[in-house]
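Just so it is clear, the model here is predicted, and its values are computed rather than measured. A note on names: the letters A, B, ... follow the listed sequences, proteins ahead of strands, and every chain is numbered from 1.
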Amino acid sequence: MPALSLEQVRNLCMRRGFVFPGSAAYGGLGSFWDYGPLGVEMLNNIKQAWWHDAVYERDDMEGVDAAILMSRKVWQHSGHEATFSDPLVDCKACKSRFRADHVPLPPIGDPLREEVRRHAASNGAGGEPAVWPTRWDGEELVVSDETGDRRFSEDDQRRVGLVHKLIPCPKCNEFDWTEPRNFNLMFQSHVGPVAAAAGTDEEKAARVYMRPETAQGIFMNFAHVQRSMARKVPFGIAQIGKAFRNEITPGNFIFRTREFEQMEIEFFIKPEQYVQEGEKTDEQWHQEWIDRRFHWWLKLATPPSAGNQEMEEIEQRFRKRAQTADELAHYAKATTDIEYLFPGSLGWGEIEGVANRTDFDLTAHSKDIPEDDLKRLKLEDNKDSNEKFDYFDPDAKKRYVPWVIEPSAGVTRAMLTFLCEAYDEEFVKEPSKQDIDQIKSDAAMIKNNAEKKIKQAEKDIAAGKEAKHDPVQVREFLDKLEDVVTRLPESLSEVLLTLDHPGAQNLEPVKKFRPPTEKFMDEISRTVLRLHPRLAPIKLAVFPLKKNNAGLVELAQKIQRTFQKRFRTIYDDSAGIGKLYRRQDEIGTPYCITVDFESLEDGTVTVRERDTMSQERVPVDTLHDYLLPRLELG
RNA sequence: GCGGGUGUAGCUCAGUGGUAGAGCAUCACGUUGCCAACGUGAUGGUCGUGGGUUCGAGUCCCAUCACCCGCUCCA
């Protein structure tokens with residue numbers, strides 16, 4: 001069973017060297033994370049597996065590694081400077097937060113709506129709200145400026161209406177809004193020494209953005225790659241690299257961070273109007289990449305030990321979801337997300353987007369954009385570019401700007417996905433009936449006590465006093481506990497988790513119950529990461545059965561050294577054999593080798609498999625052939 | 001940014017104004033022949049940070065930072 005809460009995965013990551021909080025010595029820095037010895041191995045393994053699938057195994061793909069910092073003009077023409085931002089307002093009354101451009105206007109016919117319109121019209125430029133950029137949408141949006149030349153689109157009305165507090169909060173119907181604030185999600189810096197104040201020409205000329213996506217670096221290199229590698233469309237370019245977004249709300253561990261790593265492909269194809277009989281359309285290419293990428297996720301989420309039933313269960317935690325029209329980014333014709341069912345409150349989360357970006361980007365970066373393309377793509381003419389990103393198709397004898405299919409995934413988010421899926425707490429000993437009864441009676445005690453606390457809290461609240469407990473939360477906790485207890489012993493793994501419920505806080509019997517239960521759970525269970533061997537940070541661990549026997553130690557170290565030339569290995573003799581196995585289980589090491597006294601006589605060792613804990617005697621000189629196919633490297 | 005919660009040893013946590021604790025982990029010695037063994041001892045904390053109240057603060061107050069949950073977001 002995969003992780004039940006993100007907390008479990010987080011815990012394991014920090015304890016065992018996958019992920020550490022960034023800048024920890026100085027109290028940390030909002031949602032930046034460092035990757036430890038095992039984390040960096042796993043990230044590398046993910047990237048390698050992706051690169052292998054995206055580049056090596058295809059004959060229509062190339063790779064690049066573009067600079068993180070690019071000309072500001074790249075981001076102006078890609079649309080990111082203007083639209084890669086979210087205008088937000090808060091309702092001060094009910095504390096709800098909305099995207100300013102998503103707040104519904106009062107319905108047509110509502111007098112309020114007329115008032116909004118009147119206000120917008122009469123105020124003119126003078127009453128213009130502190131202008132905050134909203135989502136430009138080609139002809140639909142009207143630019144407000146000093147000339148007063150504008151039309152009042154829905155968005156303008158909304159903008160004015162919000163600032164003048166003429167639109168009610170859709171939740172509580174109050175008119176108490178904060179100033180809409182616009183967050184551009186790009187980090188800024190400057191190239192060279194700049195002393196000029198923000199907003200001046202000098203400052204703007206030196207300004208650069210940390211790239212919010214690696215994609216633009218690929219577009220910049222489309223023509224280079226096409227010419228230098230003599231490629232014909234269709235072909236694609238892959239890139240792995242860091243990207244930066246000043247997210248308003250990062251969080252959920254490494255799910256959303258402000259610095260992250262992307263694995264992106266831009267696959268260049270014929271525009272739809274030139275596709276001939278028997279050739280793949282943009283929609284077919286799109287679907288092909290969706291399926292290929294989906295398969296990649298499933299393959300690496302499934303350990304070789306999985307049976308049919310496990311495979312079915314894993315499949316149910318992955319899905320494809322086509323984005324609706326209003327979700328689409330400014331550049332996309334269609335996007336299908338691949339989503340994973342993360343544990344706990346996170347739920348379904350996007351792990352990859354496969355977008356049909358048409359010729360939006362390449363056209364936007366081209367000089368002298370034809371009139372009809374400007375209109376169709378809602379672009380501004382590009383006088384800044386030196387390049388025309390078109391391509392002469394020798395077969396079709398046509399010159400065109402290729403369309404592009406973009407599969408785009410996050411490396412760090414992939415790591416979280418695979419960790420959540422691989423995480424398992426498994427019982428290795430049957431819990432006795434006494435143990436179960438003990439838990440049941442403890443739970444009854446907790447319930448008894450909590451009922452009293454609820455009554456007390458309700459009394460306090462009725463008397464207008466501050467209550468020590470939130471009766472609703474405590475009740476919620478009790479319901480959860482009750483549910484878990486009635487399903488014992490199947491639900492054993494959920495017992496401790498239940499105690500993390502906010503309603504369980506400050507309940508005396510809960511505090512007493514936790515330590516012995518934790519100890520008991522430790523005794524009867526093991527934590528194991530059922531990672532695909534390709535993703536496992538450590539591929540092999542070698543132990544001597546006894547560390548105070550020189551012969552065993554020597555042979556074990558010799559075996560370890562043989563394999564460390566091929567992949568990441570570990571030698572360990574710092575504990576009893578059972579504990580050594582458990583340690584490796586917890587970090588997902590697929591195979592352990594134990595050297596015992598028999599090994600010294602007949603040259604065989606015990607190979608122990610992670611998922612099944614099964615053991616096999618294997619001659620030392622055939623270990624290589626035994627392990628390599630099972631590790632599925634390459 | 002807003003609301004709620006949390007912050008004590010490497011980890012999990014106890015400690016409700018009066019001498020900073022437990023289990024696990026780590027290290028040393030002894031013991032230990034395949035799935036989280038045991039004994040003895042040791043190391044380790046200016047209680048997130050900065051102010052304040054008090055004879056005295058881990059505990060009360062204020063500020064601040066980080067993390068968690070929700071709003072939000074989308075790789």
**Student:** Applying side chain to side chain donor-acceptor pair (under 3.5 Å), name anything that partners A/K512, two or more places apart in sequence or on another chain.
**Tutor:** none
**Student:** Could you tell me which nucleotide pairs with B/rC71 by Watson-Crick or G-U wobble geometry, both distances under 3.5 Å, or answer none if nothing does?
**Tutor:**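 B/rG1 is the nucleotide pairing with B/rC71.
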**Student:** For A/S305, what residues pass the side chain to side chain donor-acceptor pair (under 3.5 Å) criterion, not counting sequence neighbours?
**Tutor:** A/D611
**Student:** How are the rings of A/F318 and A/F294 set to each other: parallel, tilted or perpendicular (split at 30° and 60°)?
**Tutor:** perpendicular
**Student:** What is the pairing partner of B/rG50, taking Watson-Crick or G-U wobble pairs with both distances under 3.5 Å in any strand?
**Tutor:** B/rC62
**Student:** According to a strict under-4.0 Å criterion, is A/K579 in side-chain N/O contact with OP1 or OP2 of B/rC34?
**Tutor:**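 No, A/K579 has no side-chain N/O under 4.0 Å of OP1/OP2 on B/rC34.
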**Student:** Do any of residues 519-530 of chain A sit with a heavy atom less than 4.0 Å from RNA chain B, and if so which?
**Tutor:** A/D522, A/S525
**Student:** A/F260 side chain: which of B/rA75, B/rC34, B/rA25 is closest?
**Tutor:**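 Output: B/rA75.
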**Student:** I'd like a list of close polar pairs between nucleotides 39-47 of chain B and the protein, N/O only, cut-off under 3.5 Å.
**Tutor:**
none

**Student:** Do any side-chain nitrogens or oxygens of A/R413 fall under 4.0 Å of OP1 or OP2 in B/rA75?
**Tutor:**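 No, A/R413 has no side-chain N/O under 4.0 Å of OP1/OP2 on B/rA75.
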**Student:** By nearest atom, which of the nucleotides B/rU26, B/rU32, B/rG70 is closest to the A/R583 side chain?
**Tutor:**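 Nearest listed nucleotide: B/rU26.
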**Student:** Near A/E554 CD, under 6.0 Å, is it more than 12 heavy atoms from other residues, nucleotides or ligands?
**Tutor:** no
**Student:** Both distances under 3.5 Å, Watson-Crick or G-U wobble: report the partner of B/rU32, or none.
**Tutor:** none
**Student:** Where the side chain of A/E586 is defined as all heavy atoms beyond and including C-beta, which of B/rA36, B/rU16, B/rA75 is the nearest nucleotide?
**Tutor:**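 The answer is B/rA36, which lies nearest to the side chain.
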**Student:** Side chain of A/N252: nearest nucleotide among B/rG70, B/rA75, B/rU16?
**Tutor:** B/rG70
**Student:** Polar-atom pairs under 3.5 Å, protein N or O versus N or O of nucleotides 11-13 of chain B: list them with distances, or write none.
**Tutor:**
unit_1	atom_1	unit_2	atom_2	d
B/rU12	OP1	A/N11	OD1	3.2
B/rU12	O2'	A/E518	OE1	3.2
B/rU12	O2'	A/E518	OE2	3.0

**Student:** If we call it a pair only when both distances are under 3.5 Å in a Watson-Crick or G-U wobble match, what pairs with B/rC27?
**Tutor:**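 Partner of B/rC27: B/rG41.
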**Student:** Should the pair A/D522-A/R582 be classified as a salt bridge under the 4.0 Å nitrogen-to-oxygen rule?
**Tutor:** no
**Student:** Looking at residues at least two apart in the chain, or sitting in another chain, which of them share a side chain to side chain donor-acceptor pair (under 3.5 Å) with A/K299?
**Tutor:** none
